[in-house]
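Owing to the predicted nature of the structure, the values given are computational and were not obtained by experimental measurement. We number each residue from 1, following the sequence as shown.
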Amino acid sequence: TRLASEMPHYRTAVQLTEALTRRALSSEVIRPGTTTVGEVRRWLYDALWAHGVRTWFQPDLRVQRRGTPGATSRGFLAVAPEATVIERGDVVHLDFGLSYMGFDTDWQKMAYVLREGETDVPAGLKAAMKNTNTLQDAVMRRHSRPGRLAADVYTDTMAEMKTAGIEAMIADPASDKDMV
């Protein structure tokens, strides 16, 4: 719940997070074959400074590249080393948040770096995004409700994904495992 007087500050935090995230994942910052993960992170820190805000946590980037097995951490794709050069055909995941007027944001955004001659994202990535959105809708729109146990939300969501033929991975609140 937010007070009416807080809403302008909250909106500013959200809008700034979105704007910086979009710019960081755009051709303004990423030059395929040249730009490193560290340079994108540095750009984000510089942009935060320029806007007079601070980061809520270290911006993390993960890079998925066709034909290259990605390193994992706790069952998920690991943060890319600073020296990783972003190439055409890469999928870049940015985990970024800022702090402003007592509000903290936490954005998860992905971008695909078009290959030479491509004008759109490949069909397989579009299908993966559709599956991800289906999973998000199941968790947030159909199964998460006040008073429900996280384990029940997890169980119902995973059952729905299985019925839909979607291989989903989310944190399992009923075990020590980070994914199933």
Evaluate side chain to side chain contact (heavy atoms under 4.5 Å, CB included) for Ile30 paired with Trp43, printing each intermediate quantity in order.
-> CA-CA 10 Å; Ile30 297 175; Trp43 183 91; over 6 Å; no
Output, in order, the C-alpha distance, side-chain angles, deciding distance and verdict of side chain to side chain contact (heavy atoms under 4.5 Å, CB included) for Asp120 and Lys126.
-> CA-CA 10 Å; Asp120 198 6; Lys126 287 182 179 183; 2.5 Å; yes
Testing the basics here: between [X] and [Y], what is the closest heavy-atom pair and its distance to 0.1 Å?
X: Val153; Y: Ser144; answer: CG1-OG, 3.6 Å
X: Pro8; Y: Ser5; answer: CD-O, 3.6 Å
X: Pro32; Y: Arg88; answer: CB-CG, 3.5 Å
X: Tyr112; Y: Gly89; answer: CE1-O, 3.4 Å

Could you walk me through whether Thr17 and Phe96 pass the side chain to side chain contact (heavy atoms under 4.5 Å, CB included) check?
-> CA-CA 8 Å; Thr17 304; Phe96 172 67; 4.0 Å; yes
Side chains of [X] and [Y] in contact at under 4.5 Å (non-hydrogen atoms):
X: Glu18; Y: Lys109; result: yes
X: Leu98; Y: Thr55; result: no
X: Tyr100; Y: His51; result: no
X: Leu135; Y: Ile166; result: no
X: Phe57; Y: Asp95; result: yes

If Ile, Leu, Val, Met, Phe, Trp and Tyr residues are connected whenever their side-chain heavy atoms lie under 4.5 Å apart, and connections chain through other members, are [X] and [Y] in the same group?
X: Leu94; Y: Tyr45; result: yes
X: Trp49; Y: Leu20; result: no
X: Met110; Y: Leu44; result: no
X: Leu25; Y: Leu48; result: yes
X: Val91; Y: Val37; result: no

Once you round to the nearest 0.5 Å, how far does [atom1] of [X] lie from [atom2] of [Y]?
X: Arg62; Y: Asp90; atom1: CZ; atom2: CG; answer: 15.0 Å
X: Glu167; Y: Met161; atom1: CD; atom2: CE; answer: 12.5 Å
X: Gln108; Y: Thr132; atom1: CD; atom2: OG1; answer: 12.0 Å
X: Met140; Y: Thr157; atom1: CE; atom2: OG1; answer: 10.0 Å
X: Met169; Y: Met158; atom1: CE; atom2: CE; answer: 9.0 Å

Would you indicate whether [X], at its atom [atom1], is surrounded by more than 12 heavy atoms from other residues, nucleotides or ligands within a distance under 6.0 Å?
X: Arg22; atom1: CZ; value: no
X: Arg148; atom1: CZ; value: yes
X: Glu28; atom1: CD; value: yes
X: Arg145; atom1: CZ; value: yes

Can you check side chain to side chain contact (heavy atoms under 4.5 Å, CB included) on Phe103 and His9, steps first, answer last?
-> CA-CA 8 Å; Phe103 296 103; His9 303 298; 3.7 Å; yes
NZ/NE/NH1/NH2 to OD/OE distance under 4.0 Å, Arg142 and Asp156 =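 Salt bridge absent between Arg142 and Asp156.
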Hey, is the main chain of Arg23 close enough, under 3.5 Å, to the side chain of Ser26 for a donor-acceptor pair?
->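 Yes: the side chain of Ser26 pairs with the backbone of Arg23.
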